[in-house]
Amino acid sequence: MDREALRMLCTPQFWRMAVLWTLSLLHSYLLVLLRGRAAAAPRRRRPQLVANGRRPIGVVTGATSGLGRAAAAALAREGYHVVLAGRSTQLLHETVQEIRRQQPDAHLEAFQLNLASYKSIKKFGASLKQWIQETSSEPAIQLLINNAGILAKAHRVTEDGLDEMIQTNYIGPFILTNILLPLLKNSSAPSRVVNLTSFTHRCVSSIDVSEDALRGLKFSRHKVGETYPLASTYEYTKLCLAMFSYELHRQLHKSSAVSVIAADPGVVNTKIMRELPQCLSWFAFLVLRFLNLLQEPCTAVGAVLDAALVPPEESGKYFYGGKGRTITSSWLSYDTEVAKKLWAESSAVVKELQLREGDFRKS
């Protein structure tokens with residue numbers, strides 16, 4: 001075991017992940033057991049064809065690895081024209097080639113997207129709209145899956161002046177969703193936003209949704225010797241994403257055919273822990289696999305497909321672990337007043353980014 005691993009073993013954040021995250025995971029499965037067969041699981045529906053019998057368009061962020069790659073492949077099998085979005089153009093190319101080897105008739109497009117950059121998100125939105133105008137008679141998309149996320153081990157400031165993990169996991173998806181919302185609303189068939197959250201959000205007992213918190217400015221005020229609260233920050237972003245899902249559902253479900261669902265696949269064997277010492281992440285996955293709690297992406301993608309393909313009336317629910325299962329998220333995630341404030345403060349952060357870029361359009 002190297003020094004970095006030993007140092008992490010001595011931090012409260014490591015034990016927060018080891019203990020609280022495990023308890024939150026078990027709590028989620030307990031809710032599944034308590035729910036039992038009280039309600040029949042909603043059946044998935046095949047995606048509807050849109051104008052002129054064209055395939056529906058589904059956008060997947062973080063599509064070059066793990067759950068995002070599995071979701072892109074699964075949606076292609078379901079009949080979607082899948083738009084893969086990711087940071088690396090090389091990995092996007094390799095992912096498209098891999099899916100096409102397995103599915104020669106898959107309809108795929110790839111666009112570069114870095115959720116930690118407002119410029120990149122805006123460019124992606126413009127490129128996607130141009131591509132749709134050139135290839136489709138309907139200026140619309142039918143599905144957006146906000147899957148991309150990171151677990152950063154240190155506070156890193158993006159070009160926009162935000163904490164990288166907060167921007168990638170929450171502010172970026174918030175911006176992207178609002179940019180693509182007109183395309184979702186334009187759809188002749190019911191459309192949907194799926195936000196990938198996590199059972200770790202249950203660890204948050206109180207939440208600060210001020211602009212400073214959303215920018216991650218408090219991390220720059222740490223005392224000497226203090227470490228970056230990677231676990232707490234990750235939990236925070238996943239709670240924000242769940243609250244954003246519920247607030248967006250409340251805003252849309254009466255006025256449009258856009259549904260919104262939060263999806264939690266459980267623990268998945270992905271590269272999310274790649275920044276942590278390898279021996280620690282390896283041991284964590286080993287224990288989870290022994291407890292039969294670790295899923296491979298090809299299995300865990302069931303939760304994503306449930307969220308993407310269940311009927312529109314399931315909007316506003318929290319899908320967990322596949323097999324059509326829904327459970328309740330944390331009590332804090334349902335606080336409507338905090339969610340409204342989160343939306344307002346998030347919009348204020350976005351407005352500042354727009355002003356900085358000379359973009360005066362509303363978010």
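Predicted model, so just to flag it, every value in this text is computed and none were measured. The figures that follow rest on heavy atoms only: side chains count, while hydrogens, waters and symmetry mates do not.
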Worksheet item: Would you call Lys317 and Glu314 a salt bridge, using N to O less than 4.0 angstrom?
Response: yes

Item to complete: Identify whether the distance between the nearest side-chain nitrogen and carboxylate oxygen of Glu337 and Lys341 falls below 4.0 Å.
Response: no

Worksheet item: How about Phe199 and Tyr320: are their ring centroids closer than 6.0 Å?
Response: no

Worksheet entry | Joint hydrophobic cluster, Val32 plus Leu305, side-chain heavy atoms closer than 4.5 Å | no

Worksheet item: Do the side chains of Asn178 and Val350 get nearer than 4.5 Å, heavy atoms only?
Response: no

Discussion item. My understanding is that only residues two or more places apart in sequence, or in another chain, count here; which of them pass side-chain hydrogen bond (donor to acceptor under 3.5 Å, both in side chains) with Tyr318?
Written reply: Asp264

Fill in: Partners meeting side-chain hydrogen bond (donor to acceptor under 3.5 Å, both in side chains) with Thr168 (sequence neighbours left out)
none

Worksheet item: Ser232 and Gln13: side-chain hydrogen bond (donor to acceptor under 3.5 Å, both in side chains), yes or no, with the steps?
Response: CA-CA 7 Å; Ser232 302; Gln13 291 296 304; 3.3 Å; yes

Item to complete: Please check if any side-chain donor atom of Thr89 sits under 3.5 Å from a side-chain acceptor atom of Gln112, or the reverse.
Response: no

Practice prompt. Mark yes when over 12 heavy atoms from residues, nucleotides or ligands other than Phe283 sit less than 6.0 Å from its CZ; otherwise mark no.
Written response: no

Worksheet item: If you count the non-hydrogen atoms of other residues, nucleotides and ligands that lie under 6.0 Å from CH2 in Trp131, is the total more than 12?
Response: yes

Discussion item. Within a 6.0 Å radius of atom CD on Glu211, are there more than 12 heavy atoms belonging to other residues, nucleotides or ligands?
Written reply: yes

Practice prompt. Would you check, one step at a time, whether the test side-chain hydrogen bond (donor to acceptor under 3.5 Å, both in side chains) holds for Tyr228 with Asp163?
Written response: CA-CA 11 Å; Tyr228 178 65; Asp163 176 77; 3.0 Å; yes

Worksheet item: Do Phe14 and Trp21 have ring centres separated by under 6.0 Å?
Response: no

Worksheet item: Are the side chains of His249 and Ser259 in touch, meaning some heavy atoms are under 4.5 Å apart?
Response: no

Discussion item. How about CZ on Arg250, more than 12 heavy atoms from neighbouring residues, nucleotides or ligands closer than 6.0 Å, or not?
Written reply: yes

Item to complete: Go through Glu235 and Arg202 one step at a time and tell me if the salt bridge (charged side-chain N to carboxylate O under 4.0 Å, His left out) criterion holds.
Response: CA-CA 8 Å; Glu235 300 158 10; Arg202 299 183 186 280; over 6 Å; no

